[in-house]
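The residues of the chain are indexed from 1 along the displayed sequence.
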Amino acid sequence: MASSRSGCLRPFLVAVILFTSISIAILYVVYNSGQYLYEEDETSAYLIEGALVFDGENWLPGTPKVLIVDGKIQCMGPDCQLPVGSKTINAAGMTLLPGLTDLQVQFYRPTKEYEGLSNPERLLRFTKQRPEVRQNFHKAGVTQVRSCGDALKNIMALREQMEDLQFSGPDIYIVGPMITAVGGHPAVTEYAGNEYLIQEACRQVKDVEDMKQIIQELADNRVNTIKMVFTSFGGKVARLSNEALIAGIEMATSKGLLVSVLTGTEEEMVTAAEAGATLIEYGTRFPISAETAKLLRDRG
């Protein structure tokens, strides 16, 4: 009889523990559910006065007014009129300039800000799509970022949440997973041992046909551009074949996608440029020849 009671009690205790844990988790998330969400201001028009204004090319003379209505600049100059119900911002002593762009961002890489957090808090912040990262960009005047090598599902979800105004943050220009050789960077370097990032933030290419399938997958997911890794770091890791690189650039270009190529030597830069790369990243640590410089210039 005692054995029978013990057998019945054990599942009951497990159920109680699970129920309690789930309840605490739900309460924790609900309690914090209002954090980090997009906050829509009822004011639809702002007039900024007193700031020095740089329009991206020139400093505007004097201290012109800048009128913003429904999130868009409607007027810049001394004669801008303030609509009824709008708000005036005194920006004397400040500078107004276009938003900055960060071209190399990985939203989901671990940071020092996470070291002192509890596991529930870490989970919440990831659920809320890294609020401290998004807020820090805006505080620094960055309004657009280029996401390189982020897990595709995460970054696509974040872009959709921001488009739907669920979250606030900079506009996201998605590169998606980095395309590399089987055994190439960053799969066996920065992401080594992290199976999730290897699977979701990388695409390891075996051959030309594999490359074409991957380009098609990323195009179907509406990435903005493609990034390929075309360096072996001096023979330390595997590198894409020339044929795969060329085939990938050709296919991506045919789909209207720009292609950036990460290189490490002058030879790799030349191959990437001749294959039609839009952008070469890192380039090389060593001086390049005049011929290579001319090739880069002529290729734009």
Side-chain angles (χ1 to χ4, degrees), residues 34-107 113 128-148 150 155-176 222-227 253 256-260 277-281 296-297 299-300:
Q35 295 186 64
Y36 320 127
L37 299 179
Y38 177 86
E39 295 181 4
E40 189 169 0
D41 196 323
E42 294 181 358
T43 304
S44 61
Y46 298 85
L47 185 70
I48 303 175
E49 297 182 306
L52 296 173
V53 179
F54 179 67
D55 67 4
E57 295 182 357
N58 302 292
W59 291 98
L60 301 188
T63 52
K65 300 176 182 178
V66 178
L67 177 64
I68 300 172
V69 180
D70 294 330
K72 296 183 179 180
I73 296 175
Q74 298 294 325
C75 173
M76 286 199 302
D79 301 322
C80 294
Q81 298 300 313
L82 191 63
V84 176
S86 56
K87 180 179 180 180
T88 300
I89 298 175
N90 182 1
M94 301 180 184
T95 300
L96 192 63
L97 70 162
L100 304 175
T101 299
D102 191 326
L103 289 174
Q104 180 75 12
V105 170
Q106 289 173 317
F107 257 93
E113 296 163 322
K128 297 296 184 184
Q129 297 281 30
R130 300 302 296 272
E132 75 289 347
V133 174
R134 293 184 280 112
Q135 292 168 357
N136 285 341
F137 277 124
H138 273 174
K139 290 175 182 177
V142 175
T143 57
Q144 184 181 52
V145 298
R146 176 173 172 262
S147 162
C148 300
D150 274 314
I155 201 66
M156 293 296 295
L158 175 56
R159 185 171 71 178
E160 291 174 4
Q161 288 165 325
M162 288 170 55
E163 288 174 349
D164 294 340
L165 301 184
Q166 296 177 42
F167 292 143
S168 62
D171 293 334
I172 301 177
Y173 189 78
I174 296 179
V175 170
R222 298 190 306 117
V223 300
N224 300 106
T225 186
I226 299 292
K227 181 172 180 177
T253 302
L257 295 170
L258 306 180
V259 182
S260 66
T278 314
L279 172 69
I280 291 177
E281 301 192 34
L296 298 178
R297 182 195 66 189
R299 294 276 180 164

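Rounded to the nearest 0.5 angstrom, S147 OG and Q104 CD are separated by 9.5 Å. For the atom pair R159 CZ and D164 CG, the distance stands at 11.5 Å (nearest 0.5 Å). Separation of atoms CD (E163) and CG (D171) is listed at 9.0 Å; rounding is to 0.5 Å. Expressed to the nearest 0.5 Å, how far CD1 of I280 lies from CG of L296 amounts to 5.0 Å. Distance check, rounded to the nearest 0.5 Å: CZ of F54 to OG1 of T95 gives 10.5 Å. Rounded to the nearest 0.5 angstrom, L100 CG and F137 CZ are separated by 11.0 Å.
Within the 3.5 Å criterion, the main-chain N or O of N90 finds no donor-acceptor partner in the side chain of E49. Judged by distance alone, with hydrogens and angles left aside, the side-chain atoms of Q144 form no donor-acceptor pair with the main-chain N or O of V142 at under 3.5 Å.
With I48 as reference, I68 is the one residue of T88, I68, V53, I73 to meet the side-chain contact (heavy atoms from CB on, under 4.5 Å) rule.
Pairing each heavy atom of V223 with each of L257, the nearest pair is O-CD2, 3.4 Å. Between V175 and C148, the closest heavy-atom pair is CG2-SG, 3.8 Å. Closest approach of D150 to V105, counting heavy atoms only: OD2-O, 3.9 Å. Smallest separation of non-hydrogen atoms from I172 and I174: CG2-CG1, 3.6 Å. The heavy-atom pair separating Y173 from T225 by the smallest distance is CE2-CG2, 3.7 Å.
The closest side-chain heavy-atom distance from P83 to L67 is below 4.5 Å. Counting heavy atoms from C-beta on, the side chains of R146 and S260 come closer than 4.5 Å. For the pair L279 and L258, the minimum side-chain heavy-atom distance is 4.5 Å or more. Side-chain contact between C80 and L47 is present, with at least one heavy-atom pair separated by less than 4.5 Å.
By the neighbour-count criterion of 12 heavy atoms within 6.0 Å, atom CD1 of I89 is densely surrounded, having more than that number from other residues, nucleotides or ligands.
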